[in-house]
Amino acid sequence: MPELPEVEQVRISLLPHIVGKTIEKVRVDLPKMILHPDPDAFARRLQGARFTGVRRRGKYLGLELEGGDWLLVHLRMTGALLALPKDQQEPPYTRMAFFLSGRENLYFTDIRTFGVAALVGEDGWRDKGYESLGPEPLEPALTAEYLRARAKGKTTVVKGFILDQSVIAGLGNIYADEALFAAGIRPTRRVNRLTRKEWEALTLGVRAVIHQGLEHHGTTFRNYQDADGKMGDNSRYLQVYHRKGLPCRRCGTLLKQIKVAGRGSVYCPHCQK
DNA sequence: ACTTCTACCTGAGCGC
DNA sequence: TGCGCTCAGGTAGAAG
């Protein structure tokens with residue numbers, strides 16, 4: 001569920017709860033979510049470790065540990081990291097619990113169980129998805145020229161292209177639709193048919209919608225919440241996502257929803273060409 | 001190599 | 001109320 005702005009909000013809200021805290025014990029309830037090492041070694045190696053920071057890359061979180069190891073986390077569709085007082089009941093759908101020094105514990109909850117975690121350290125293990133991430137939307141490396149070059153020789157639809165995490169890190173279905181609306185480009189357009197001008201508009205659109213999402217602490221529709229259980233308020237500012245059949249905020253035309261690259265996609269038939 | 005489809009899960013919302 | 005169906009903010013791997 002969470003895309004870049006939501007994951008960034010999780011990162012920020014997590015910091016005061018875990019930095020400086022020691023992991024006294026780890027309980028893994030859903031072994032398949034641990035990518036590396038095996039769940040027993042995972043829990044054992046984390047025991048006694050201390051959190052020193054939290055970083056984000058695309059939709060991945062890196063929970064940094066003293067000594068250089070770090071915990072790679074991807075929330076996928078419905079994952080959440082929640083910090084709660086020890087005397088409070090564990091949240092529903094808890095898949096993993098970190099019992100910390102101090103007054104709180106950290107819970108990895110996940111309804112659909114797609115979320116994953118891994119311990120990354122000296123043993124050289126790498127996560128493929130993480131390693132192949134493209135540039136961050138707000139970094140200077142994301143330019144129209146870069147996108148055009150990456151699209152060279154491809155014929156795929158632009159919606160699928162910008163959802164590809166190796167092209168741009170962090171866009172998901174919401175912000176992809178929003179970026180395409182901002183750029184005036186239909187999600188079904190083929191990347192080999194986009195003009196330079198459109199690549200420019202798309203680059204600006206991606207930056208703008210991600211920036212806006214960050215400002216509003218992310219978008220919440222159903223499951224997403226930050227480490228304090230708070231919701232983002234960006235949904236109020238969305239132009240197309242979840243607005244099928246409603247009038248375009250720019251021109252009044254009724255917004256359409258179609259399936260593109262396997263994902264529900266909303267667009268304005270008048271504003272997007 | 002590229003593109004599209006399917007699977008992985010659970011729950012919410014819809015029509016009947 | 002309840003059943004069956006579709007859809008959901010993601011991505012890896014298979015199939016074409």
Side-chain angles (χ1 to χ4, degrees), chain A residues 1-10 29-36 56-61 72-81 91-96 108-118 126-134 137 150-180 187-193 209-210 212-214 216-226 231-245 257-266:
Chain A
M1 94 211 156
E3 306 179 33
L4 188 156
E6 292 75 46
V7 177
E8 177 63 12
Q9 181 57 30
V10 172
D29 299 327
L30 186 70
K32 70 153 189 168
M33 77 185 299
I34 312 297
L35 300 179
H36 180 84
R56 180 197 57 74
R57 177 84 172 87
K59 300 172 196 170
Y60 290 86
L61 284 169
L72 177 76
V73 169
H74 197 302
L75 303 172
R76 294 285 175 94
M77 296 286 263
T78 53
L81 289 170
Y93 307 102
T94 294
R95 310 300 186 190
M96 188 162 31
F108 193 145
T109 69
D110 193 355
I111 297 171
R112 291 175 71 181
T113 74
F114 294 163
V116 292
R126 305 274 154 153
D127 180 82
K128 263 195 222 153
Y130 182 82
E131 295 296 322
S132 62
L133 287 174
R150 285 297 304 265
K152 198 153 185 131
K154 298 192 179 176
T155 58
T156 190
V157 288
V158 66
K159 167 95 182 245
F161 180 73
I162 62 172
L163 281 173
D164 182 341
Q165 300 299 296
S166 76
V167 173
I168 307 172
L171 283 197
N173 206 31
I174 296 178
Y175 295 97
D177 275 7
E178 294 297 314
L180 289 166
T188 45
R189 289 281 301 283
R190 301 270 154 183
V191 291
N192 53 328
R193 294 275 188 267
V209 299
I210 290 294
Q212 182 197 260
L214 288 167
H216 300 130
H217 313 293
T219 305
T220 300
F221 274 108
R222 31 177 74 103
N223 304 303
Y224 163 73
Q225 45 190 353
D226 69 13
M231 320 275 202
D233 58 357
N234 192 238
S235 49
R236 294 209 312 249
Y237 304 89
L238 298 182
Q239 302 294 308
V240 287
Y241 184 82
H242 221 260
R243 297 195 68 241
K244 167 178 70 163
Q257 173 151 359
I258 54 175
K259 191 151 261 194
V260 183
R263 320 296 304 277
S265 306
V266 187

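Just so we're on the same page: letters track the sequence lines, and every chain starts at 1. Since the structure is predicted, the reported quantities are computational estimates derived from the model, not experimental observations.
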(request) Write down the partner of C:dG2 under the Watson-Crick or G-U wobble criteria, each distance required to be under 3.5 Å. (result) B:dC16
(request) Look through every strand shown and name the nucleotide pairing with B:dC9 as Watson-Crick or G-U wobble, where both distances are under 3.5 Å. (result) none
Rounded off to whole Å, could you give me the [atom1]-to-[atom2] distance for the [X] and [N] pair?
| X | N | atom1 | atom2 | answer |
| --- | --- | --- | --- | --- |
| A:Tyr241 | C:dG10 | OH | C1' | 12 Å |
| A:Leu75 | B:dT10 | CG | C1' | 17 Å |
| A:Asp110 | C:dG10 | CG | P | 13 Å |
| A:Leu4 | C:dT11 | CG | P | 11 Å |
| A:Lys152 | B:dA1 | NZ | C1' | 17 Å |
| A:Asp164 | C:dT11 | CG | P | 10 Å |
| A:Met77 | C:dC7 | CE | P | 13 Å |
| A:Arg57 | C:dT11 | CZ | P | 13 Å |

(request) Give a yes or no on whether a donor-acceptor pair under 3.5 Å exists between the nucleobase atoms of C:dA8, that is its base, and the side chain of A:Arg263. (result) no
Given [options], which nucleotide is nearest the side-chain atoms of [X]?
| X | options | result |
| --- | --- | --- |
| A:Lys259 | B:dC9, C:dC7, C:dG10 | C:dC7 |
| A:Lys128 | C:dA8, C:dG13, B:dT3 | C:dG13 |
| A:Lys154 | C:dT11, B:dT3, B:dC8 | B:dT3 |
| A:Ile111 | B:dG11, B:dC8, C:dG9 | B:dG11 |
| A:Asn173 | C:dG9, B:dT4, B:dC8 | C:dG9 |
| A:Thr156 | B:dC9, C:dT11, B:dT4 | B:dT4 |

(request) Quick one: sort the A:Tyr237 and A:His216 rings into parallel, tilted or perpendicular, breaks at 30° and 60°. (result) parallel
With a 4.0 Å cut-off on heavy atoms, is [X] in touch with a base, just the backbone sugar-phosphate, or nothing at all?
| X | result |
| --- | --- |
| A:Thr155 | sugar-phosphate |
| A:Lys244 | nothing |
| A:Tyr93 | sugar-phosphate |
| A:Gly264 | sugar-phosphate |
| A:Glu178 | nothing |

(message) In whole Å, measure the gap between the P atoms of C:dC3 and B:dC9 for me.
(response) 24 Å
(request) Report yes or no: is the ring centroid of A:Phe114 under 5.5 Å from the six-membered base ring centroid of C:dT11, with the two planes under 30 degrees? (result) no
(message) Check for me: is A:Phe221 stacked on C:dA8 by the 5.5 Å centroid and 30° plane-angle rule?
(response) no
List the atom of [X], the atom of [Y], and the distance in Å for their closest heavy-atom pair.
| X | Y | answer |
| --- | --- | --- |
| A:Thr155 | A:Arg190 | O-CD, 2.7 Å |
| A:Ala176 | A:Leu171 | CA-CD1, 4.4 Å |
| A:Arg76 | A:Phe114 | CG-O, 3.1 Å |
| A:Ala169 | A:Gly58 | CB-CA, 3.7 Å |

(request) Scan side-chain atoms only and decide if A:Lys159 and A:Asn173 contain a donor-acceptor pair under the 3.5 Å cut-off. (result) yes
(request) Kindly say if A:Gln257 contacts the phosphate of C:dA8, meaning a side-chain N or O under 4.0 Å from OP1 or OP2. (result) yes
(request) Examine C:dT11: is either OP1 or OP2 under 4.0 Å from a nitrogen or oxygen in the side chain of A:Gln165? Give yes or no. (result) yes
(request) Identify which one of A:Leu180, A:Ile168, A:Leu163, A:Thr219 satisfies the side chain to side chain contact (heavy atoms under 4.5 Å, CB included) criterion when paired with A:Tyr175. (result) A:Thr219
(request) Nearest-nucleotide wise, let me know which of A:His74 and A:Arg112 is further upstream toward the 5' end of DNA chain C. (result) A:Arg112
